[in-house]
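Okay, structure first, notes after.
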Amino acid sequence: MKPVSKVMAELCYPFIYEESPVCDFEIAADELCCRVGLVLSMQPLDPLVQQVLSRLQANIYHLNGSVRGKLAIGEEDVDALIADYDALREALSGGFAGFVLPGGHPVSSQLHLCRCQAKKVVRALVAIEHSGLKSPAPILFRYGNLLANVMYALASYTNQVNQVEETEFISKSYPMPKRQ
């Protein structure tokens, strides 16, 4: 489909009418970046949460441009995100062994939405790969998956810092083995 107008004010994004799933990926990444911006506006934020999200927000836009444009996510970005994840897991003493119901502190609730949106970003990368039109660099999949896991850890950490107890979710569909 071609744009229905040549007036730039009537075009929200140059690639909005393309058939390629690349545009869907870019919009999903843009939404994640916006959601992170929303969390950053929620004050006061824990200093660790503020630090991690402030760095991640720009990297989400770098991730966004890395399929259509030049690859802008490198091993140093993955390493920094792994270090964040490890630090959060250590602060959480490993965290929940299972899964929790999203919620708790308002910041935590927003971080769970970021986690969900990060998964949509990864799924959009998968759609690009399956389309056969482009093959996103493997590092983008690694970074996107890490983003989702870091958002989960940030949500749990935020609840812990604010002394909000998380509610474990026990699935009736996927029974877990009894913990020892």
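In this text, all values refer to a predicted model and were calculated from it rather than measured experimentally.
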Any residue meeting side chain to side chain contact (heavy atoms under 4.5 Å, CB included) with L81, in chain and number order, not counting sequence neighbours: L56, D84, Y143, L146, L147, V150
Least distance between heavy atoms, Y157 atom then V49 atom: CD2-CG2, 3.8 Å
V164 with M42, same ILVMFWY side-chain cluster at under 4.5 Å: no
Heavy-atom side-chain contact between N64 and V121 under 4.5 Å: no
Residue pairs involving residues 101-118 (criterion salt bridge (Lys or Arg N to Asp or Glu O under 4.0 Å); sequence neighbours excluded): none
Contact list for residues 132-142, test side chain to side chain donor-acceptor pair (under 3.5 Å), sequence neighbours left out: E75-R142, E129-S135
ring-ring contact (aromatic ring centres under 6.0 Å, His included) contacts in which one or both residues fall within residues 101-125, not counting sequence neighbours: H112-Y152
Under the side chain to side chain contact (heavy atoms under 4.5 Å, CB included) test, residues paired with A72 that sit two or more places apart: H62, S66
Which residues share a side-chain hydrogen bond (donor to acceptor under 3.5 Å, both in side chains) with S108, sequence neighbours left out: N159
Least distance between heavy atoms, S173 atom then S171 atom: N-OG, 3.0 Å
ILVMFWY cluster, L113 and V122 together (side-chain gap under 4.5 Å): no
CZ on R35 to SG on C116, rounded to 0.5 Å: 8.0 Å
Distance, nearest 0.5 Å, that separates CD of E31 from CD of Q117: 3.5 Å
CD on Q160 to OG on S93, rounded to 0.5 Å: 6.5 Å
Q43 atom CD, over 12 foreign heavy atoms within 6.0 Å: yes
Rounded distance [0.5 Å steps], CG in N59 versus CD1 in I73: 4.5 Å
Residues in side-chain hydrogen bond (donor to acceptor under 3.5 Å, both in side chains) contact with D30, at least two apart in sequence or another chain: Y61
pair I128-L133: side-chain heavy atoms closer than 4.5 Å: no
Atom pair CG (L111) and CG (L154), whose distance is rounded to the nearest 0.5 Å: 5.5 Å
Joint cluster assignment, L38 & M151, ILVMFWY side-chain distance < 4.5 Å: no
Q57: side chain to side chain contact (heavy atoms under 4.5 Å, CB included) partners, not counting sequence neighbours: C33, V36, L40
Set of salt bridge (Lys or Arg N to Asp or Glu O under 4.0 Å) partners for E76, sequence neighbours left out: none
Single-linkage hydrophobic cluster L101~F99, side-chain heavy atoms < 4.5 angstrom: yes
Shortest non-hydrogen contact from L125 toward F141: CB-CE2, 3.5 Å
Sequence-distant partners of R68, side-chain hydrogen bond (donor to acceptor under 3.5 Å, both in side chains), two or more places apart: E18, E26
Heavy-atom closest pair, residues A29 and I60: O-CG2, 3.3 Å
Intermediate values then yes/no, side-chain contact (heavy atoms from CB on, under 4.5 Å), L45 and T158: CA-CA 9 Å; L45 273 183; T158 296; over 6 Å; no
side-chain hydrogen bond (donor to acceptor under 3.5 Å, both in side chains) partners for Q51, two or more places apart: none
Qualifying residues under side chain to side chain contact (heavy atoms under 4.5 Å, CB included), relative to S109, sequence neighbours excluded: none
Separation of L48 CG from L53 CG (nearest 0.5 Å): 9.0 Å
Closest non-hydrogen atom pair, P136 against V67: CB-CG2, 4.3 Å
